[in-house]
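The structure under discussion appears below in the form of structure tokens.
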Number of protein chains: 2
Amino acid sequence: MDLDEIDLQILALLQCDASISTELVSQHVGVSKTPCWRRMQRLEKLGYVKKKVALLDADKLDLGVSVFVQIKTNRHDASWAEELTDVINDFPEVVEFYRMAGEYDYLLRVLVKDISAYDEFYKKLIRSTSLTDVTSNFAMEQIKYTTEVPLAAPKI
Amino acid sequence: MDLDEIDLQILALLQCDASISTELVSQHVGVSKTPCWRRMQRLEKLGYVKKKVALLDADKLDLGVSVFVQIKTNRHDASWAEELTDVINDFPEVVEFYRMAGEYDYLLRVLVKDISAYDEFYKKLIRSTSLTDVTSNFAMEQIKYTTEVPLAAPKI
DNA sequence: GATTCTATTGAAATATTATTCCTTTAATTG
DNA sequence: CAATTAAAGGAATAATATTTCAATAGAATC
């Protein structure tokens, strides 16, 4: 990891607010504009910053329901896994997708308007591929959601 | 929802790439710079755009392991819920936190370096508050992760 | 149906911020 | 200690965001 303390500080600032100006970043981290800007460029180039995005208010856009879907399968070959990945990537409702250790094989987070929209999704999903066991868990409330990764922050 | 088609297009662009210039956005959606800029301002002001952030590469930063933690409790009063929220909000490792319907009461996604880092977190957590039942599910691989909400996209 | 009023648009002007260029400083090695 | 290299900072330039204002379109009233 070829990052020094200043780089980490820059990353911490940017993952909190990507619209901050180079000048302000430079003041926070204690180097002048040009070297600060070069560091920011480098962090993007090396892929530490993957992208800059706007986070939308899902509730306001009537997408208030997260459903966690646990999936079991009896197909454990690579080609099936690839097929499933392709299927899932075609669903914009699926915002997270993990291969799990333990009890079940995959976990999805599906973001929908309401229960009936989830049912629509569910029917599309089981039509798209063959799954052994699908369990749906509904979230009533999103209490915390952050895209900030926990950088080893020496909070004094 | 006081948004027209153009607003939705703007939101779709920004949640994909927040560093796009106003000029490019205006060309995509077919209005000129100034009204496009005013729409963007309005979307922030009304809270449709909550914030703009940089998404970091968690793997490169050695934070490759997501753990989903299911929590059950026998305390179902409001004050305990509030206490739990406060406790959780103090853990930067917890990147998502939901109150669930059904089997278990809460679900966390915890982002850590490795299993031993998770164990550290786990010990801190159970020391911080009293929980009836805690089940940890490890993700082996993050196959999909997006912050983009599924805007009713008529993908033709 | 003409006319006024209002709200929205877009082109141009201005201000801010990003980016480049070049000199200076600091650090490292022979 | 001089020579070389790498990184830093200041000043100039380019790009972009923001404001201003004149022009247009739409709605409402007479």
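First the proteins, then the strands, lettered A, B, ... as listed; each starts at 1. A quick note: this is a predicted structure, and the numbers were derived from the prediction, not measured.
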Handout entry: Phosphate-side-chain proximity, B:Ser32 and C:dT9, N/O vs OP1/OP2 below 4.0 Å
Key = no
Exercise for the section: Rounded to the nearest angstrom, tell me the gap between atom CD in B:Glu44 and atom P in D:dT18. Expected result: 9 Å
Practice task
Determine: side-chain N/O of A:Arg39 to OP1/OP2 of D:dA8, distance under 4.0 Å, yes or no.
Solution key: yes
Practice task
Using a cut-off of strictly less than 4.0 Å, decide whether A:Trp37 has a side-chain nitrogen or oxygen near OP1 or OP2 of C:dA18.
Solution key: no
Practice task
Look at the side chain of A:Arg38 and the base of D:dA7, then say whether one donor and one acceptor between them are separated by less than 3.5 Å.
Solution key: no
Practice task
Calculate the interatomic distance between B:Gln41 atom CD and D:dT16 atom C1'; express it in whole Å.
Solution key: 13 Å
Handout entry: N-O pairing of B:Asp7 and B:Arg39 below 4.0 Å
Key = yes
Handout entry: Distance-only donor-acceptor check, side chains A:Ser66 and A:Gln142, under 3.5 Å
Key = no
Problem - A:Pro35, nearest nucleotide to its side chain (from D:dA8, D:dT18, C:dT19) - result: D:dA8
Completion exercise
Here the distance between atom P of D:dA17 and atom CG of B:Leu14, to the nearest Å, is 11 Å
Practice task
Quickly work out the B:Met40 CE to C:dT9 P distance and round it to whole Å.
Solution key: 15 Å
Exercise for the section: Round to the nearest Å and state the distance from A:Lys33 atom NZ to C:dT23 atom P. Expected result: 19 Å
Exercise for the section: Indicate whether the side chain of A:Thr135 and that of A:Tyr104 have a donor and an acceptor atom separated by less than 3.5 Å. Expected result: no
Handout entry: A:Tyr118 and A:Ser136: side chain donor to acceptor below 3.5 Å
Key = yes
Practice task
Take the protein atom CG of B:Asp17 and the nucleotide atom P of D:dT16, then report the distance between them rounded to whole Å.
Solution key: 13 Å
Problem - Length of the line joining A:Lys52:NZ and D:dT16:P, which is rounded to integer Å - result: 14 Å
Exercise for the section: Round to the nearest Å and state the distance from B:Gln27 atom CD to C:dG10 atom P. Expected result: 13 Å
Practice task
Hey, which sits more toward the 5' end of DNA chain D by its nearest nucleotide, B:Glu23 or A:Thr34?
Solution key: A:Thr34
Problem - Separation between CG of B:Leu55 and NZ of A:Lys52, rounded to the nearest 0.5 Å - result: 11.0 Å
